[in-house]
> 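For reference, the structure I am asking about is given below.
Chain A is the first sequence line, chain B the second, and so forth, proteins listed ahead of strands; every chain is numbered from 1. Below, each value reflects all heavy atoms present in this structure, side chains not excepted, and no hydrogens, waters or symmetry copies.
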2 protein chains.
Amino acid sequence: MTTRKDIHNSDIPVLCQSCEARHGGVCAALDQHQLQALSKASWKRKVEPGTELVGDAEAVDSYSNVLSGVVKLTKGLSDGRQQIVGLQFAPDFLGRPFKVESRLGAEATTDVTLCSFPKAAVERMMKESPGLEHRLLQQTLSELDDARDWMVTLGRKTAGEKVASFLLLIARNIDPAASPEGGKTTFDLPLTRADIADFLGLTIETVSRQLTKLRADGVITIENNRHVIVESLERLELRSGD
Amino acid sequence: MTTRKDIHNSDIPVLCQSCEARHGGVCAALDQHQLQALSKASWKRKVEPGTELVGDAEAVDSYSNVLSGVVKLTKGLSDGRQQIVGLQFAPDFLGRPFKVESRLGAEATTDVTLCSFPKAAVERMMKESPGLEHRLLQQTLSELDDARDWMVTLGRKTAGEKVASFLLLIARNIDPAASPEGGKTTFDLPLTRADIADFLGLTIETVSRQLTKLRADGVITIENNRHVIVESLERLELRSGD
DNA sequence: TCGCGAATTTGATCAACATCAAAGCGCCGA
DNA sequence: TCGGCGCTTTGATGTTGATCAAATTCGCGA
């Protein structure tokens, strides 16, 4: 790691100086001046697991960056069945541009740090600065890719393959460096069994049984229900179906 | 229908004059000058059902507008299982900006008319004209909404609800005016039973049985395997689960 | 450290959908 | 008009994952 000489930290808002979103996130598309303007109207907050960030069919007047933790995006059927339709990791942008009403629920599944800004401010900035809109298009396209990958998992994979795919998804998002040859990784599950089931279109019991099977076969180890040690990424991939 | 006096048709490229994409599609974001430039490099073509437009994992150097017909977007698993991850109707934009290689297959499921342009031309135009990128962001966001709706269908609905949801999706795309109170609509299925199964994550047999059940219950009538008459949109919605 | 409630695992049974098999029908060319 | 091929429907049976039920384990505060 070398110090970036091209950036004068003194010109960057205090709030943003150590912020992840300024690198990988949408704020990377802003110049110092814009960052100053936006940061004045923005605020940081920490929330606990289970905190509802956006209710389904609720009017929203702010956007956020996820700075740490995991947020689940949910959709429900009228009789209570639920499906998780996306997971947002840092430094993802949270919110649906150009729509007043959210058609998604958003809830923290771990401790989450957010940086939020008024919708209007972002939309104004988007008009002046094509770079921001470009960045947003990039993230949206990549979310669309992810959603379509997951449609294959939901529609065509077996329960065992679904659970393996889920573990790989988490492993790759939490430890992006992990390579299949390397073999091992370790992480804390950011979701409960119930959430995993809602993400995979399964029941908790089926999720639990498949995890037990992976454990019995020595592919993973689980400590304290949450901490997962992947003994062999390669074998996990083999079980993921694709 | 009134004539639009604000547009001088003489200034619009012949190719574009009667083109659907110039209204709802991405070309609506272009001014006459840009339209002229793009149309010089673009070409129209008609293809038959079953024509592969883009192969999975294939390099692509052009984008297209769907002018008529239906294109299915597919993803496959290594052992041959397939999932349709999206359907494109006119005047949708076809292609994945900012990526050389497609991770999707695209295939015509009906007679399809396409207007294609070189990737480079579109990308150049996108840099000069924020309006085009904005339009593309809009379509991408709406495709993401659709994909997430479909994830709920794939993950949490029963076979009966899936088939009803599918019929509604087609009805709404082919006859957008159809209202639930109106009651009736009619359309030709743009997909074979095998395609419907791949879209819904089911087998052909299950799709067939569910269609039979809908017919037996008087919700729909089917003529010649392809032509569907929805007797009651309201009852179809009731069966779609949400 | 103990004890309680919630989350998870495990077990037994059931239902939905898949699979395997065969018959029916519609379309198209000879 | 006839015949054949491919698509669709229908039927019988099998398997996967859901459901119902109970036992364990974990997290956490007293």
> Roughly how many Å is it from CZ in B/R226 to P in D/dT9, rounded to a whole number?
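One finds 11 Å between P of D/dT9 and CZ of B/R226, rounded.
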> Just by modelled atom types, is the A/L202 backbone N or O under 3.5 Å from a matching donor or acceptor in the B/R156 side chain?
yes
> In terms of side-chain geometry, is the basic nitrogen of B/R96 or B/E58 positioned less than 4.0 Å from the acidic oxygen of its partner?
no
> Round to the nearest Å and state the distance from A/E161 atom CD to D/dT16 atom P.
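In whole Å, D/dT16 P lies 12 Å from A/E161 CD.
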> Indicate the atoms forming the closest heavy-atom contact of A/F199 with A/F166, along with that distance.
CD2-CD1, 3.5 Å
> How many Å lie between CD1 on A/I204 and P on D/dA22, as a whole number?
16 Å
> Rounded to the nearest angstrom, tell me the gap between atom NZ in A/K162 and atom C1' in D/dT16.
11 Å
> At under 4.0 Å between heavy atoms, which parts of nucleotides 14-27 of chain C does protein reach? Answer with one letter per nucleotide, 5' to 3': B base, S sugar-phosphate only, - none.
---SSBB------S
> Whole Å only: how far is the CD atom of A/E223 from the C1' atom of C/dT8?
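Between C1' of C/dT8 and CD of A/E223: 16 Å.
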> Does atom CD of A/E48 have more than 12 heavy-atom neighbours, drawn from other residues, nucleotides or ligands, at distances under 6.0 Å?
no
> Please report, rounded to the nearest Å, how far the P atom of D/dC7 is from the CG atom of B/D198.
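Roughly 13 Å, once rounded to whole Å.
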> Knowing that exactly one of A/T186, A/I222, A/L189, A/T221 qualifies, which makes a side-chain contact (heavy atoms from CB on, under 4.5 Å) with A/H227?
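In the set A/T186, A/I222, A/L189, A/T221, the residue that makes a side-chain contact (heavy atoms from CB on, under 4.5 Å) with A/H227 is A/T186.
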> Can you measure B/L189 atom CG to D/dT8 atom P for me and round it to whole angstrom units?
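Taking atom P of D/dT8 as the reference, CG of B/L189 is at 9 Å.
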> For A/T212, answer base if it contacts any base atom (sugar-phosphate contacts may also be present), sugar-phosphate if it contacts only those atoms, and nothing otherwise; contact means non-hydrogen atoms under 4.0 Å.
sugar-phosphate
> In terms of side-chain heavy atoms of A/R193, which of D/dT10, C/dT9, D/dT8 is nearest?
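Minimum distance to the A/R193 side chain belongs to C/dT9.
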> Rounded to the nearest angstrom, tell me the gap between atom CG in A/D195 and atom P in C/dA6.
17 Å
> Any Lys/Arg nitrogen of B/K75 or A/D242 sitting under 4.0 Å from an Asp/Glu carboxylate oxygen of the other?
no
